[in-house]
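The shown structure was predicted, so the numbers you read here are calculated from the model rather than taken from an experiment. Atoms within each ligand, like the ligands themselves, are counted from 1 in listed order.
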Amino acid sequence: MNIVIIGGDAAGMSAAMQIVRAQPKWQITVLEKGAIYSYGQCGLPYYIGGIIKSHNELIVRAREVFQDRYGIDARIYHEVKEINHKKQRVIGTYHEGNSAKNFSLPYDKLIVASGASPVMPPFTGKNLAGIHVLKTIPDAQKIIDELTSNVLNVTVIGAGYIGLEVTENLVASGRKVTLIDAADQIGSSIYESDISEKIKQEAVKNGAEVLLSTSVSGFEGDGQVERVITDNGPLETDMVIVAAGIKPNTDFFTNTDIHLHQSGAIVVNPYMETTLPHVYAAGDCATHYHRLKQRDDYIPLGTHANKQGRIAGANVAGNRKAFKGVVGSAIVKFFDVTIGKTGLNEKEATELGIACCKLSYTTTTHASYYPGNNQLFIHMIKNRDTDVLLGVQAVGAIGVDKRIDVAATALYHEMTTEDLENLDLSYAPPFNSTWDPIQQGARRL
Ligand SMILES: Cc1cc2nc3c(=O)[nH]c(=O)nc-3n(C[C@H](O)[C@H](O)[C@H](O)COP(=O)(O)OP(=O)(O)OC[C@H]3O[C@@H](n4cnc5c(N)ncnc54)[C@H](O)[C@@H]3O)c2cc1C
């Protein structure tokens, strides 16, 4: 059996390892357009900030390991340009030095794990030096190399997870950072407004400037970026990081009738099968079934890419497994706080026609008499008619991760607030209150 995988990172190599283990005699060819395999993109902001000293620390398994230990034909600089699904072939270009050669490879089964690319809006002057996106190790390296002592002011465009992490790391490196977003709140499609406000306060407390309701139209400079042009006037800058979202890498399907989601992601069923025969997809290039919305969604995250890749590989290797979907969990560190969320926000629930009750409250992470007790701000919503929990968001210095993961488990099992209240959660004064913060909210809601 001849398996071809497009993309050598999280989803692609998770799939490859399942096949190698289940079917050691099968031929596996991975086509990767870059030169680096299987690395932790999630660590890139911390590489820029110097917390991670070398990009080698981000590499989970080097290409040589896949080749030498597992017998995978792991190619580099092989960019897929077209799929001919009737002839079951992948067609593309292989770059070697300055020359490019074409290739055409047959497959019995194809796994598409091509991920997503950062969006660069049609800003004027976007090709000036000093304007960056952050997606790969070479992207991070370029930013680090240009962060000389002359770079004092950096503008980050887009206040999503990546924008926040980059802001924190650049502030830590001593730069004055301006974070710009066109929306009127941070993470507008993700967070409730009271959570967004806490994030903004944290940014300001740490010396970052936050400009909301501010649209960027372009950049100016003499070869090098010097100004960001916004609808509120120009801003002096020495460097720009654009973190304005990502787009699935699916252009090579143009000549096929594969079913794509409105986001451009490849629609997959629970077995990671696409609408083309013998073609599977996983990770940032594919859809993610949302258990609460009960429909396909696009939530490109590393956790989903690893799970979906593993499931795609298992199914290709003959071990039928289903992806059970996501509930919308995410977490981010921002200076001294953690912001976590799981499930729906109020806007999403309303759009789904669900009437909800909400509660925002400030509580403490553990018994008030025990030292190190911290404040936790929580926003919780439930279905007004069924009492089923719909979503939890939390901000605090400690204890956010634990509460979000408990809530995510409750969401997966469609628990009511009463079920949540009845959970047997661990308690001793250094760790919790007799009533866990999540149970306090469930009780009150
Ligand atoms: C800065 C940053 C921080 C992040 N932080 C988090 C986090 O904290 N938590 C979290 O869950 N997720 C995080 N993510 C997201 C996470 O990294 C991705 O969800 C994950 O890498 C997706 O894996 P993937 O294998 O689907 O795609 P990718 O990692 O994008 O890999 C796809 C591979 O396919 C290759 N490719 C693309 N097109 C072609 C082609 N035509 N031919 C051949 N090869 C091709 C690419 O070069 C790439 O190597 C972060 C991402 C970034 C950039």
Pair H379, D194: side-chain N/O donor-acceptor within cut-off below 3.5 Å: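 A pair is found: one side chain offers a donor N or O, the other an acceptor, under 3.5 Å apart.
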
Donor-acceptor side-chain pairing of N249 and S117 below 3.5 angstrom: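 Judged by distance alone, the side chains do pair up.
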
Side chain, backbone, both or neither: the part of P45 lying under 4.0 Å from ligand 1 by heavy atom: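 For P45, the contact with ligand 1 is made by the side chain alone.
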
What protein heavy atom sits nearest [atom], and how far away is it?
atom                    : result
atom 18 (C) of ligand 1 : D284 OD2, 3.3 Å
atom 31 (O) of ligand 1 : D9 CB, 3.2 Å
atom 52 (C) of ligand 1 : I162 CD1, 3.6 Å
atom 27 (O) of ligand 1 : G115 CA, 3.2 Å
atom 44 (N) of ligand 1 : K33 N, 3.1 Å
atom 13 (C) of ligand 1 : C42 SG, 3.1 Å
atom 30 (O) of ligand 1 : K135 NZ, 3.1 Å

How many angstroms lie between NE2 in H85 and CD1 in I258, if you round to the nearest 0.5 Å?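 Here the interatomic distance stands at 8.5 Å.
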
To the nearest 0.5 Å, what is the distance between OH on Y107 and CD1 on I3?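 Those atoms lie 11.0 Å apart.
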
Does a side-chain N-to-carboxylate-O contact under 4.0 Å join [X] and [Y]?
X    : Y    : answer
R175 : D238 : no
E79  : K101 : no
K333 : E168 : yes
R295 : D297 : no
K198 : E202 : no

Atoms in ligand 1 with a heavy atom of [X] nearer than 4.0 Å:
X    : result
G7   : 33 (C), 34 (O), 35 (C)
A113 : 32 (C), 33 (C), 34 (O)
A116 : 30 (O)
F252 : 41 (N)
L134 : 1 (C), 53 (C)
H78  : 42 (N), 43 (C)
S114 : 32 (C), 34 (O), 36 (N), 37 (C), 38 (N)
G283 : 26 (O)

Any N or O of [X] closer than 3.5 Å to N or O of ligand 1:
X   : answer
A10 : yes
A11 : yes
V80 : yes

Please list, chain by chain and in numerical order, all residues satisfying ring pair (Phe, Tyr, Trp, His ring centres under 6.0 Å) with Y161, sequence neighbours excluded.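 Checked Y161 against ring pair (Phe, Tyr, Trp, His ring centres under 6.0 Å); zero matches.
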
For atom 33 (C) of ligand 1, which of the options E32, K81, K333, Q41 provides the nearest non-hydrogen atom?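 Answer by nearest heavy atom: E32.
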
Who gets closest to atom 16 (C) of ligand 1 by heavy atom: G302, G92, A305?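 Looking at heavy atoms only, G302 sits closest to atom 16 (C) of ligand 1.
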
Applying salt bridge (Lys or Arg N to Asp or Glu O under 4.0 Å), name anything that partners K176, two or more places apart in sequence or on another chain.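 In terms of salt bridge (Lys or Arg N to Asp or Glu O under 4.0 Å), with neighbours along the sequence ignored, K176 is linked to E209.
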
Mind telling me whether H55 and Y47 have parallel, tilted or perpendicular rings, with 30° and 60° as the class edges?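 It falls in the perpendicular class, over 60°.
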
